[in-house]
Amino acid sequence: MKAPTLDKVTRPAVDPRRYHESVPTERTTEAARLPVCLYLETTNRCNLLCTTCPRTYEELEPPADMSWELFTSIVDQVPNLARAVLHGVGEPMLVKNLPRMVRHLKDRGVYVLFNTNGTVLNERNGRALIAAGLDELRVSLDAANAKSYREIRGKNYFDRILKNIRAFRELQEREGHAKPRVSAWLTGLKETVEQLPDFVRVAAEIGVKEIYLQRLVYFDEKVVGHARPNQSLFERLTREGAEYLKEAEDIAQALGISFNASGAASEPGISLKKADSDSPWSPCRRPWTLMYFTANGRALPCCIAPFSQHGYEHYTLGEATQQTLREIWNGHAYREFRKALLSDTPPRACTSCGLRWSL
C-alpha cells in the first residue's frame with residue numbers, strides 16, 4: 001500500500017540552499033510546518049576506515065542499502081520537499097540505485113546533493129549522475145597528500161581520488177555540464193591545518209572551484225570513534241593556524257576559487273567564530289526543518305546524532321518501516337525531543353553540538 005502523504009501547506013517558495021531560514025521564529029513542541037529537507041542515508045556501507053567516523057569502530061545498524069521501496073515511501077510522503085541530502089555514515093556511490101534516486105527527486109523539483117569520498121567515481125556513474133540532474137557533489141578529501149590521507153581515512157586512495165575528480169571535471173568542462181557543482185572538503189584538524197594552502201592548490205589542479213573547511217564533529221566525552229577535542233581546529237585556532245588559513249584564502253582568491261570555513265575566522269589565537277551563548281544547542285532548528293533516516297528506516301534527529309553517544313535507541317524518533325511520516329514528525333518522541341531542546345536540559349546528543357556541527 002502506498003503511504004499517505006503529509007498535508008500540503010501554502011507557503012512561499014523555499015530556497016533549497018537556505019531552507020533552514022524558512023522556518024518560523026516560533027518553535028514549539030509540535031512542528032507547525034512540514035519538513036523541507038530530508039537526509040536519507042542511502043547506505044551505511046563504506047570502503048574507507050576514517051579515524052573520525054563512528055562506523056569504523058562499531059556496527060551502528062545492520063549493514064544495508066536503503067531499498068527503493070523504503071526510499072520512495074519516505075520521499076513521496078513529503079510533497080513540499082525542497083532539499084534532499086543522500087548521505088549518512090556510508091559512501092553513497094556504492095549504491096546501485098543512486099542515480100535513479102536522484103532522478104526521482106529531481107522530477108519532483110527537489111535540490112539534491114551528497115558527500116562522497118570519490119573512490120568509485122568513474123565516467124559511467126559520473127555520466128549517470130549528470131543525466132539524473134544532481135545539483136551538488138561534495139568530495140570529502142581531508143588531506144593534501146597521500147601520507148596524511150592514509151593516516152586520516154585508513155586507505156591509500158588519495159591518488160585514485162584525484163584522478164577520478166580531475167577526469168570528472170574535465171568531462172564537465174568538455175561537454176558543458178554546469179551541474180553538479182563539485183566542491184572539495186577538508187575537516188579542520190590540528191594535524192592538517194598546515195596543509196590548507198596545499199589543499200587549495202591540489203583542488204585547483206583537479207579543476208575544483210569550491211573548497212570548504214568544515215568542523216570536526218566531536219564530543220567532550222569519548223563516546224564514538226577517535227575524534228578528540230584537542231584535534232579540533234575550531235575554537236582552538238592558534239596564531240600559526242590563522243596564518244595558514246589566511247594563506248589558503250589568499251591563494252584561493254588568486255586562483256579564482258571559492259574558499260569557505262564553516263564559521264569563518266574571528267580573532268586569531270583564540271577561535272574561529274562560535275556561538276556566544278552558554279546554551280549552544282538553543283539556535284538549532286533542525287527538529288523543525290528536517291528529518292534524517294538511516295538505511296534501515298530509523299528516524300534520527302540529524303546527521304550529528306550518530307557521533308554523539310553509543311546506541312541509536314537513545315535518540316530514535318520513529319521507524320519509517322512501521323509508521324507514516326505524519327506519525328513520526330509530530331509523534332510523542334519528536335515532541336519530547338523538541339521540548340527538551342527548548343529547555344535548559346537538552347537531549348544528550350545536542351548538549352554541545354551547536355559549537356561543533358559541520359555544514
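Atoms CG and CZ, on Asn47 and Arg153 in that order, are 9.5 Å from each other to the nearest 0.5 Å. Atom CD1 of Ile165 is separated from atom CZ of Arg160 by 12.0 Å, given to the nearest 0.5 angstrom. In this structure, the separation between CD1 on Ile257 and OG on Ser183 is 12.0 Å, given to the nearest 0.5 Å. Expressed to the nearest 0.5 Å, how far CG of Asp76 lies from CG of Leu325 amounts to 10.5 Å. To the nearest 0.5 Å, atom SG of residue Cys302 and atom OH of residue Tyr315 are 9.5 Å apart. Separation of atoms OG (Ser73) and CE (Met66) is listed at 8.5 Å; rounding is to 0.5 Å.
In this structure, the side chain of Asn145 engages the main chain of Ser148 through a donor-acceptor pair within 3.5 Å. Proximity of a side-chain donor or acceptor of Lys106 to a complementary backbone N or O of Ala132 within less than 3.5 Å is not detected. Gln323 places no side-chain N or O within 3.5 Å of a backbone atom of Gly318 that could act as its donor or acceptor partner. Here the side chain of Thr42 pairs a donor or acceptor atom with the backbone of Leu86 at under 3.5 angstrom. Proximity of a side-chain donor or acceptor of Arg83 to a complementary backbone N or O of Leu113 within less than 3.5 Å is not detected. With hydrogens and angles ignored, the 3.5 Å screen pairs a side-chain donor or acceptor of Asn122 with a backbone N or O of Asn125. In this structure, Asn330 contributes its side chain and Ala31 its backbone to a donor-acceptor pair below 3.5 Å. Between the side chain of Arg27 and the main chain of Trp288, no donor-acceptor pair closer than 3.5 Å is present.
Under the side chain to side chain donor-acceptor pair (under 3.5 Å) criterion, Lys147 pairs with Glu151, not counting sequence neighbours. Residues passing the side chain to side chain contact (heavy atoms under 4.5 Å, CB included) test with Thr316 are Arg298, Leu300, Tyr312, Glu319, sequence neighbours excluded.
The shortest distance between side-chain heavy atoms of Phe293 and Ile328 falls below 4.5 Å. Side-chain contact between Leu129 and Pro180 is absent, with no heavy atoms from C-beta onward closer than 4.5 Å. For the pair Leu38/Val75, a side-chain contact is recorded, criterion being any heavy-atom separation below 4.5 Å from C-beta on. By the 4.5 Å heavy-atom criterion applied to side chains, Val208 and Val139 are not counted as neighbours. Looking at His314 and Arg348, their side chains never come closer than 4.5 Å, going by heavy atoms from C-beta outward. Using a 4.5 Å cut-off on side-chain heavy atoms (C-beta onward), Phe199 and Leu213 make no contact. Counting heavy atoms from C-beta on, the side chains of Phe259 and Asp250 never come closer than 4.5 Å. With a 4.5 Å cut-off on side-chain heavy atoms, Leu121 and Thr116 do not count as touching.
A salt bridge does not link Arg201 to Glu205: none of the charged side-chain nitrogens sits closer than 4.0 Å to a carboxylate oxygen.
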| Does the side-chain contact (heavy atoms from CB on, under 4.5 Å) test come out yes or no for Phe114 and Leu98, once each step is laid out? | CA-CA 10 Å; Phe114 63 83; Leu98 187 65; 3.7 Å; yes
| task | Go through the steps for Phe71 and Asn97 under the test side-chain contact (heavy atoms from CB on, under 4.5 Å), then give the verdict. | result | CA-CA 10 Å; Phe71 168 79; Asn97 273 333; over 6 Å; no
| Which is it for Asp159 and Lys163 under the salt bridge (Lys or Arg N to Asp or Glu O under 4.0 Å) test, yes or no, and what are the steps along the way? | CA-CA 6 Å; Asp159 292 336; Lys163 180 181 177 181; over 6 Å; no
| request: Go through Arg127 and Glu123 one step at a time and tell me if the salt bridge (Lys or Arg N to Asp or Glu O under 4.0 Å) criterion holds. | output: CA-CA 6 Å; Arg127 285 188 180 278; Glu123 182 174 348; 3.0 Å; yes
| query | How far apart are the C-alpha atoms of Cys350 and Phe337, what are their side-chain angles, what is the distance that settles it, and do they pass the side-chain contact (heavy atoms from CB on, under 4.5 Å) test? | reply | CA-CA 10 Å; Cys350 306; Phe337 189 89; 3.4 Å; yes
| task | Show your reasoning for whether side-chain contact (heavy atoms from CB on, under 4.5 Å) applies to Gln172 and Val182. | result | CA-CA 10 Å; Gln172 286 187 294; Val182 180; 3.5 Å; yes
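When every heavy atom of Tyr292 is checked against every heavy atom of Val89, the shortest pair comes out as OH-N, 4.1 Å. Contact detail for Pro62 and Asn296: the closest heavy-atom pair is O-ND2, 3.1 Å. For the pair Gln77 and Arg326, the tightest heavy-atom approach, listed with the atom from each and the gap, is OE1-N, 4.5 Å. Of all non-hydrogen atoms in Ala248 and Pro197, the two that sit nearest each other are CB-N, 4.0 Å. Minimum interatomic distance between Glu41 and Asn44 (heavy atoms only, all atoms of both residues): OE1-CB, 3.6 Å. Residues Cys46 and Asn117 approach most closely at SG-ND2, 4.1 Å, considering heavy atoms.
Ring geometry for Phe158 versus Tyr149: interplanar angle of 30 to 60°, hence tilted. Below 30°, between 30° and 60°, or above 60°: for Tyr212 and Trp185 the angle between ring planes is below 30°, a parallel geometry.
Within a 6.0 Å sphere centred on CZ of Arg124, other residues, nucleotides and ligands contribute 12 heavy atoms or fewer. Around atom CG of Asp107, more than 12 heavy atoms belonging to other residues, nucleotides or ligands sit under 6.0 Å away.
One hydrophobic cluster, built from ILVMFWY side chains closer than 4.5 Å, cannot hold both Leu49 and Leu60; they sit in different ones.
Sorted by first and then second residue, the salt bridge (Lys or Arg N to Asp or Glu O under 4.0 Å) pairs with a member in residues 90-99 form an empty list; sequence neighbours excluded.
Both tests hold for Arg338 against Trp329: distance to the six-membered ring centre under 6.0 Å, angle to the ring axis within 45°.
Each of Val112, Val110, Leu105 was compared with Arg108 under the side chain to side chain contact (heavy atoms under 4.5 Å, CB included) criterion, and only Val110 meets it.
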